[in-house]
Amino acid sequence: MEPSDEEGFEVIENVVLALNAGPTRGGVKVAGGLRFSWELVGVGGATYRISDGSSEHGAHVGYCTDALADLLYAMTGLYGGSSGERFSFDCEPMEVRWLLRRQGADVGIAVFEFPDGGTTWGSSDETGGVLLWSSTQPRTVLCHAAMEAAETVLREHGEEGYQEMWMMHPFPVAALQDLRRMHRRSDDCRHPQCRPAPATGG
């Protein structure tokens with residue numbers, strides 16, 4: 001019998017809690033200093049990098065999946081009723097899988113690498129992967145970072161330029177709009193662009 005998604009998230013929660021219980025040399029920082037970037041590279045590739053001020057992780061992602069949309073929709077899912085979200089990147093031939101576990105106002109993040117994505121893609125078993133990076137961040141910080149990275153890509157390339165470089169998928173406009181709406185409605189984000197516009201007198 002295959003383990004359920006819930007069992008997989010329990011594995012990740014235990015990993016994150018164990019790392020957080022120890023010294024920061026393990027690469028986990030509970031809050032502050034989060035940085036995330038997404039950069040198109042050549043034709044049909046992108047490089048992302050995430051850092052929490054203590055450690056960082058990055059990977060080169062192939063265009064065979066709608067990778068940026070998968071990331072944004074997973075972040076949006078953190079505002080729903082699920083206990084966590086998961087998505088994968090095709091790193092040819094590796095699969096890099098992100099698991100996001102809700103922990104109150106925070107999100108436990110664990111990134112695993114599987115050496116052969118052709119055999120592991122879609123599997124609910126996390127035990128065969130190698131933990132590459134782990135952190136715990138406030139949802140508002142994580143989702144803002146993802147939203148801002150996507151907006152930077154859109155500003156730099158535009159929808160047409162993105163399509164030319166990513167080829168198989170258009171820029172995920174709807175996914176970005178959904179995340180922006182949920183983030184601004186549900187999070188008390190400190191960034192000025194996320195705060196409601198002040199009311200003007202008639």
Side-chain angles (χ1 to χ4, degrees), residues 33-53 55-80 85-100 107 109-118 120-122 132-133 135 137-187 189-197:
L34 185 72
R35 298 288 182 271
F36 180 74
S37 64
W38 187 279
E39 181 181 358
L40 297 183
V41 179
V43 177
T47 298
Y48 74 81
R49 187 161 300 279
I50 187 167
S51 169
D52 64 2
S55 64
E56 67 177 34
H57 157 70
H60 182 77
V61 179
Y63 68 98
C64 292
T65 66
D66 199 357
L68 184 55
D70 293 340
L71 167 75
L72 296 175
Y73 278 128
M75 297 296 169
T76 303
L78 295 171
Y79 296 91
E85 296 289 325
R86 57 192 288 158
F87 58 94
S88 292
F89 294 131
D90 181 6
C91 296
E92 301 174 348
M94 290 84 70
E95 173 196 356
V96 173
R97 186 182 303 175
W98 284 48
L99 271 78
L100 309 176
V107 178
I109 312 160
V111 182
F112 285 82
E113 180 184 272
F114 294 82
D116 183 2
T120 60
W121 201 273
L132 298 178
W133 191 78
S135 186
Q137 296 292 326
R139 182 185 67 184
T140 180
V141 171
L142 175 63
C143 290
H144 183 91
M147 181 185 73
E148 194 170 70
E151 289 175 341
T152 298
V153 171
L154 182 59
R155 284 195 301 270
E156 182 175 351
H157 299 284
E159 292 184 52
E160 183 176 341
Y162 180 93
Q163 177 81 73
E164 290 177 355
M165 295 184 70
W166 197 247
M167 298 191 299
M168 290 186 66
H169 302 277
F171 183 85
V173 174
L176 177 57
Q177 290 174 342
D178 286 348
L179 177 58
R180 185 188 297 120
R181 181 175 61 254
M182 296 301 295
H183 174 61
R184 289 179 174 176
R185 185 176 73 184
S186 303
D187 291 331
C189 185
R190 63 182 177 82
H191 293 85
Q193 64 267 38
C194 294
R195 296 187 176 276

Practice task
Give me the ring orientation class for Phe36 and Trp98: parallel if the planes are under 30° apart, tilted from 30 to 60°, perpendicular past 60°.
Solution key: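 Ring orientation of Phe36 relative to Trp98: perpendicular.
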
Would you mind reporting whether [Y] and [X] have side-chain heavy atoms less than 4.5 Å apart?
{"X": "Leu142", "Y": "Leu78", "value": "yes"}
{"X": "Thr65", "Y": "Trp121", "value": "yes"}
{"X": "Gln137", "Y": "Ile109", "value": "yes"}
{"X": "Leu100", "Y": "Arg86", "value": "no"}
{"X": "Thr47", "Y": "Val61", "value": "no"}
{"X": "Trp38", "Y": "Thr152", "value": "no"}
{"X": "Arg139", "Y": "Ser186", "value": "yes"}
{"X": "Glu92", "Y": "Cys64", "value": "yes"}

Problem - Passing candidate, side-chain contact (heavy atoms from CB on, under 4.5 Å) with Cys194, options Arg184, Glu148, Arg180 - result: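 Exactly one pass, corresponding to Arg184.
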
List the atom of [X], the atom of [Y], and the distance in Å for their closest heavy-atom pair.
{"X": "Thr120", "Y": "Arg97", "answer": "O-NH2, 2.9 Å"}
{"X": "Ala74", "Y": "Phe87", "answer": "CB-CD2, 3.3 Å"}
{"X": "Tyr63", "Y": "Gly44", "answer": "CD2-O, 3.0 Å"}
{"X": "Asp52", "Y": "Ser135", "answer": "OD2-OG, 3.0 Å"}
{"X": "Met165", "Y": "Gly42", "answer": "CE-O, 3.0 Å"}
{"X": "Cys189", "Y": "His144", "answer": "SG-ND1, 3.5 Å"}

What distance separates [X] [atom1] from [Y] [atom2], expressed to the nearest 0.5 Å?
{"X": "Trp133", "Y": "His57", "atom1": "CH2", "atom2": "NE2", "answer": "8.5 Å"}
{"X": "Leu99", "Y": "Ser88", "atom1": "CG", "atom2": "OG", "answer": "8.0 Å"}
{"X": "Met75", "Y": "Glu85", "atom1": "CE", "atom2": "CD", "answer": "9.5 Å"}
{"X": "Cys91", "Y": "Glu113", "atom1": "SG", "atom2": "CD", "answer": "7.5 Å"}
{"X": "Asp90", "Y": "Asp70", "atom1": "CG", "atom2": "CG", "answer": "11.0 Å"}
{"X": "Thr76", "Y": "Gln177", "atom1": "OG1", "atom2": "CD", "answer": "11.0 Å"}

Problem - For Phe171, ring-ring contact (aromatic ring centres under 6.0 Å, His included) partners two or more places apart - result: Tyr162

Handout entry: Met167 backbone acceptor or donor facing Gln163 side chain under 3.5 Å
Key =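 Yes, the answer is positive, given that a donor and an acceptor are paired below the 3.5 Å cut-off.
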
Problem - Residues in side chain to side chain donor-acceptor pair (under 3.5 Å) contact with Arg49, at least two apart in sequence or another chain - result: Glu56

Exercise for the section: Assert yes or no for the condition that the ring centre distance of Phe89 to Tyr48 is strictly below 6.0 Å. Expected result: yes

Exercise for the section: Let me see the working for Tyr79 and Asp187 under side-chain hydrogen bond (donor to acceptor under 3.5 Å, both in side chains), right down to the final yes or no. Expected result: CA-CA 10 Å; Tyr79 296 91; Asp187 291 331; 2.4 Å; yes

